[in-house]
Amino acid sequence: MASIARSLRPVALRLAQSSKARVAASSASPIAIRAFSVSSAVQVKKFTKDHEWIELSPDNKTGTIGISQYAAHALGDVVYVELPSTPLEVAKGDTIGAVESVKSASDINSPITCTITSVNELLEETPSAINKGPEDDGAGGGWIAKVEVGENGVKDLEELMDAAQYKAFTEEA
Amino acid sequence: MAPARRLNSLLKGRLCTNHSCIRRYSDFVRAATDSSNKSQIYISRSLDPYLNLSIEHYLLQKTPADSTVLFLYTNRPSIVIGRNQNPWLEVNLGLLRNDPLGVELVRRRSGGGTVFHDEGNVNYSVICPTLAFNRDKHAEMVVRALRGLGVDRALVNERHDIVLGNVPAPGDARPLKISGSAYKLTRLRSLHHGTCLLSSPNIRKIGAFLKSPAKPFIKARGVDSVSSPITNVNVPNTAFEQAVVSEFRDLYTGGELILVTEEAKDVPEIRKGFDELTSLDWIYSQTPQFTFSTHATEEDPRERPQLPGDLTDFQFRASFTVRNGSISKASFGFGGTSPVKDVDGVDGGLINKKLQEIESWRGVLSNLALPGMRSTLGSAGTFMDTLFGNGDRISTDVAKDFSRLERGAQSD
């Protein structure tokens, strides 16, 4: 989801990079964190600088990917969503699909290393579901894909932003 | 194509004397990937639409993340559909395949609608960091170039197209369009490309190419074109190129002009992109799912045009769905005298067949074993061949009839 150019400013980018560094630093002792709150630390929805989100199940084995509310708004009316055929193994940052809006084809990239196991077929027929509920992972929601995650994928998660960091990232000028 | 050759040799003569002429592709690659090369300008001397789009895609992927790139190119006659469009819906394929111009069918990687290119149309393309992307910035740059050439009424409209303001087309309230834009946005780099109609000799034929006889029968997912009345601005290609280069240099301080030749195809990544763009799977099978039906359905209740004589008499009914380019379900029959026949994997060999691989619907329908309808099946096959652009000249003449009254129109 690279396309939110209009509102992405260099300062915001720098902020995101420094927050990324903080996240990495804070997870230096992952065992201690897990001892505190077994699942909530990993169930938190995480965001990329490219405006995708991913949320893992409590056991860290599966998850859901989508694009953020902020991105959906910035894109404008989505007229077509290209989804991958499944299953598909991808590395962090690989293109897993594309969204078309306002004559623009925008890539959707995978936030982490994972295997795409199914896609939201509703979007083929009703692309506007992305505009209505981009962070809704239920039936009728605008989520993009369900995934299976291995150790590398869970590790990739550490570099992503949580909701508060992402909000700051999109608001900072 | 004699006109193409003439133009090509003209370009060759002019550009090689005025600018640096890069002969070896390694020089082009070095310039494009040089991390200190922040402002890059290329003009392609190839008229091959697939190659030009592949060079453009290479520049999108390989130029330094913080650079801004201008790429200008002209294509031989071609119809270029948007990434998520349907060629059977957007294009009169029968007319296209039989026209002496030899028009190419191209699917680009960017979004948007269908446009026509020929030697009287120069395409501009600006690649910049996604952080700096803006839909109007470079359309405005081209408007400044056009105004500098005396096209004072050029302006960017709310669809980010360039139109001639203040003078409505005859019988049409809309200003005449001269340039349409589309975009491809990736993580770090974004591309804006647009056409500019300067002196297309085919301007009156464009509307007919962009009017598919199958359109009333197809319900498609994906992206529709928005048709607009168009006009030439009557500026020579070279003057336009020079003016755009000059405006680009004003915006981005400098930039050496490099000419790109057919040899760009030797760059492995460009070759790979070229092979993909020329593959039938990309051109046709990339089409979003659609359903064809000769009659109104719950899904697509539009009233249909009347079918030719005996097909109406015998209530010929055909419908099929195409997913990922292949026919996933189909049924054919005659309403009045025999039940509509569902076609399965064996019958007619139609299921899972790629639509573009059907050479003749006459042949397909004669395999369907619908009893007692031989001659009507023949007309049905001819009718379907006309809609999908197969078959011989006789059926494409019918296709021509469908659109002969259309006046020049271009979509984006």
Side-chain angles (χ1 to χ4, degrees), chain A residues 1-17 48-52 67 71 74-86 92-111 119 121-129 169 172-173, chain B residues 57 60-61 65-66 82-86 107-115 128-137 139 158-161 180-195 219-226 285-291 299 323-324 411-412:
Chain A
M1 207 64 293
S3 37
I4 324 308
R6 272 172 276 170
S7 354
L8 271 193
R9 288 163 293 258
V11 178
L13 190 68
R14 280 200 298 278
L15 182 91
Q17 278 157 351
T48 67
K49 286 187 286 178
D50 303 329
H51 309 278
E52 291 97 6
I67 68 168
L75 278 173
D77 289 343
V78 173
V79 290
Y80 191 69
V81 183
E82 243 177 287
L83 297 165
S85 36
T86 55
K92 176 186 169 145
D94 283 356
T95 300
I96 58 168
V99 173
E100 180 163 345
S101 61
V102 204
K103 299 192 270 184
S104 312
S106 310
D107 289 344
I108 307 168
N109 305 309
S110 181
V119 295
E121 282 168 13
L122 168 76
L123 297 180
E124 286 191 18
E125 207 165 348
T126 315
S128 59
F169 169 66
E172 280 296 322
Chain B
H57 190 61
L60 175 67
Q61 293 188 309
D66 56 352
R83 180 185 184 97
N84 298 309
Q85 289 203 295
N86 181 325
R107 183 191 295 277
R108 61 176 185 268
R109 291 186 172 85
S110 60
T114 303
V115 290
C128 69
T130 293
L131 289 168
F133 175 76
N134 169 315
R135 285 190 172 79
D136 285 332
K137 185 175 186 182
E158 71 292 344
R159 282 182 54 78
H160 317 286
D161 294 330
S181 286
Y183 318 90
K184 170 93 179 98
L185 310 175
T186 68
R187 207 164 68 78
L188 295 172
R189 304 286 283 160
S190 290
L191 176 149
H192 166 187
H193 58 185
T195 56
K219 171 145 175 94
R221 296 174 183 173
V223 176
D224 289 332
S225 292
V226 177
S285 301
Q286 172 80 6
T287 300
Q289 180 172 320
F290 70 96
T291 298
E299 214 184 39
R323 186 173 169 80
N324 300 325
S411 326
D412 72 35

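Letters A, B, ... are given to chains in the order of the sequence lines, protein chains preceding strands, and every chain is numbered from 1.
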Decide yes or no on side-chain contact (heavy atoms from CB on, under 4.5 Å) for B:His192 and A:Ser104, but give the supporting numbers first. CA-CA 9 Å; B:His192 166 187; A:Ser104 312; over 6 Å; no
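- At least one side-chain heavy atom of B:Lys184 sits under 4.5 Å from a side-chain heavy atom of A:Asp107.
- To the nearest 0.5 Å, atoms CG (B:Leu185) and CG (A:Asp50) are separated by 12.0 Å.
- Distance alone, capped at 3.5 Å, places no donor-acceptor pair between the A:Glu100 side chain and the B:Val223 backbone.
- Residues passing the side-chain hydrogen bond (donor to acceptor under 3.5 Å, both in side chains) test with A:Ser101: none are found, sequence neighbours excluded.
- For the atom pair CZ (B:Arg187) and NZ (A:Lys49), the distance works out to 7.0 Å, reported to the nearest 0.5 Å.
- Ion pairing between B:Asp161 and A:Lys103 holds under the 4.0 Å rule for side-chain N and carboxylate O.
- From A:Glu121, atom CD reaches atom CD of B:Gln289 across 9.5 Å, with rounding to the nearest 0.5 Å.
- For B:Asp66, the salt bridge (Lys or Arg N to Asp or Glu O under 4.0 Å) criterion is met by B:Lys38, not counting sequence neighbours.
- Between A:Glu124 and B:Arg221 there is a salt bridge, since at least one side-chain N of the basic residue sits less than 4.0 Å from a carboxylate O of the acidic one.
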Give the C-alpha distance, both sets of side-chain angles, the deciding distance and a yes or no for side-chain contact (heavy atoms from CB on, under 4.5 Å) between B:His160 and A:Val102. CA-CA 10 Å; B:His160 317 286; A:Val102 204; 4.2 Å; yes
Yes or no on side chain to side chain donor-acceptor pair (under 3.5 Å) for B:Gln286 and A:Glu82, after CA distance, side-chain angles and deciding distance? CA-CA 10 Å; B:Gln286 172 80 6; A:Glu82 243 177 287; 3.0 Å; yes
